[in-house]
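Everything on this sheet refers to the single structure shown next.
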Amino acid sequence: MSDVLLSVRDMVVDFPTRHGLLRAVDHVSFDLSRGEVLGLVGESGAGKSITGAAIIGLIEPPGHISGGTVHLDGSRIDNLGMEEMRRIRGKRVGMVFQDPLTSLNPLYTIAKQLIQTIRTHLDLTEKQARARAIGLLEEVGIPAADKRIDDYPHQFSGGMRQRVVIALALCAGPELIIADEPTTALDVSVQSQIIDVLKRMCAEHGTAVILITHDMGVIAEAADRVAVLYSGRIAEIGPVREVIKQAKHPYTKGLMRSIPTLTQTNDRLTQIPGTMPRITDRPEGCAFAPRCGHVMDICRSQQPATRSVGNCEVACHLETEGGAS
Amino acid sequence: MIAFVIRRIIQSIIVIMVVGLVAFVMFRFVGDPVNQMVGLETSIADRELLREQLGLNQPLIVQYWHFISNAAQGDFGTSYQYRRPVSEILGERLPATLELALVSAIFAIAAGIPMGVYTALYRDSVLSNIFLTVSLIGISLPSFLVGILLIFIFSVHLQWLPSFGRGEVVDLGWWSTGLLTATGLKAIILPAITLGLFQMTLIMRLVRSEMMEVLRTDFVKFAKARGLKTRVVHFGHALKNTMIPVITITGLQFGSIIAFAIITETVFQWPGSGLLFLQAVQNVDVPIMAAYLLMIAFLFVLINLIVDVLYVVVDPRIRLEGS
């Protein structure tokens, strides 16, 4: 048993369309240790969710992984057949979606949904599965779980439903959870509770988490490491503290500056000029070059390689040129 | 739940009363009933006597009341053509129509739902395209043409199935059925397909579009992400969520199947109430027309009521809001 649970290498995800091939994820590589929480941040369309869906093999056709590898606990999973992949989903890799209001089937009690999932992956009787389901609901903080288990999803509030969703994702004891914007659709007051539940559950069960979000606050609170995605590529990846305090990539720096703080006095938030290029007309060289304040000639012609800088890995020519700004 | 049903029953009664008024107006004012019943050489005195006997000289409101209260007791008056109680004639003809409607509804559902599910799951397969093309034919061809085509192929050319009639009928006293004899079963195939083809394509297209919608929802994605078996995701989670609109349409379509059986019954000379109605129209037999109108309205209202109750069975959200 190696320490690295998930290893993604040079993953490429393409969507063939009438206007040509859309490369949603472009040579993304990262490792995830057991029990670690990795944040994936980036703007809408940066490829965060597609990266998550690609790992679990749930990209909507005609999209597909067209390059690179994904290894789970040392064995390759990106080239498995449908049936083999299905056995991994839920059992070894769980997933939590954004909107708890629509993630649960409205016509079945949560008992039915939990027991069905548990019995798909674990060899338990109906009774044992029910006991396990009630235990999980108690763990995620649903009061009177033994009674509420027979309720329908619409009888729960949004926050409670997201707890149920987390219980469902964890019910077969996966080694990895991919949480795709688990708090975005929730009330702010409930968000931190859900992050707490997710963090605590994963810590107790030793589950690693890929936390996809655009909320830096959530990342700072929950993640061990963070990967910043920009236009389908990883701009910077490293321990949360270092990325937040000493961002190296100009995009990450811009992102950090645009977070409002209590001590900030100016009325306007700092913003990064321009918008992320559409994936159809991504520029040659560095995708961030058109918006970058430190742009050099090489940025427009050559894609930056990823370099290790301290504990971080950064894809920026500034780092290779020795900080030529 | 019980309050809900009672409310719906009261609404239903109002609907029936209104349709009853239409039927009554037709009964009373489409031509002079007396003229329909008597010969040319009947004297004016005899005509007045008949008018008196039939109660046609009473105030309208009294006549309406008589009409409704008699109808409620199953008495729709006497047929001009047959000189027998309408309820008796309808009672003889109704089993044939209901049997035909039931068989074609079962055909429409049993073929339409699987075809809809298949075309939604395998959108680009050859078979899906064949189904969709066939459904286009089913939607666009009028049923009398389908019926004639089927007769031409299966009765005239292949000589497999009879082209008219109901075959041998077993009389159960209050119900006569053709479903217990071989000739009866053979005879019902073509009319049932003719009558059910449109509904089948409708159900198929409805199931297909609903299913495609549901397959895109988050809870189906989440069910897949939990590693549930594909069969369970498709038939347990997705299909059940498509059922509400399908029940609505199927229910209402069952009403139209009975109502539109007129055409199919005519093409196949099926001895049902539709054929009876058409003959009644040709002969201006108003009591039969009025009774038929009321019967169809009653069936529609009844089906609607059943559909509403079925919603509650399928969808827990409706069930719990009511209580």
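No experiment lies behind these values; they were computed from the predicted model shown. Below, read A as the first sequence line, B as the second, and so on, with proteins coming before strands; counting in each chain starts at 1.
Counted within 6.0 Å of CD on B:E213, heavy atoms from surrounding residues, nucleotides or ligands total 12 or fewer; the atom is thus considered open. Within a 6.0 Å radius of OH in B:Y118, other residues, nucleotides and ligands contribute more than 12 heavy atoms.
Per-residue counts of heavy-atom pairs under 4.5 Å with chain B were compared for A:L104, A:D99, A:L168; the largest is that of A:L168. If you tally non-hydrogen atom pairs under 4.5 Å between each of A:S103, A:P174, A:G90, A:A172 and chain B, the highest count goes to A:S103. Considering only heavy-atom pairs separated by less than 4.5 Å from chain A, the leading option among B:K224, B:K229, B:R216 is B:K229. Chain B forms more heavy-atom pairs under 4.5 Å with one residue of A:V93, A:T120, A:N105 than with any other, namely A:N105.
Remark: A:Q113 CD to B:L228 CG distance equals 9.0 Å, nearest 0.5 Å. Atoms OG1 and CD, on B:T230 and A:E83 in that order, are 6.5 Å from each other to the nearest 0.5 Å.
Annotation: side chain of A:Y108 is in contact with side chain of B:K240 (closest heavy-atom distance under 4.5 Å). Between A:L58 and B:K221, every side-chain heavy-atom pair lies at or beyond the 4.5 Å cut-off. Taking 4.5 Å as the limit, some side-chain heavy atom of B:N241 sits within range of a side-chain heavy atom of A:L107.
Across every non-hydrogen atom of B:F222 and A:M95, the tightest pair is CE1-O, 2.9 Å.
No part of B:V220 comes within reach of chain A, as not one of its non-hydrogen atoms sits under 4.5 angstrom from that chain.
Side-chain atoms of A:R89 do not come within 3.5 Å of backbone N or O of B:R226 as any donor-acceptor pair.
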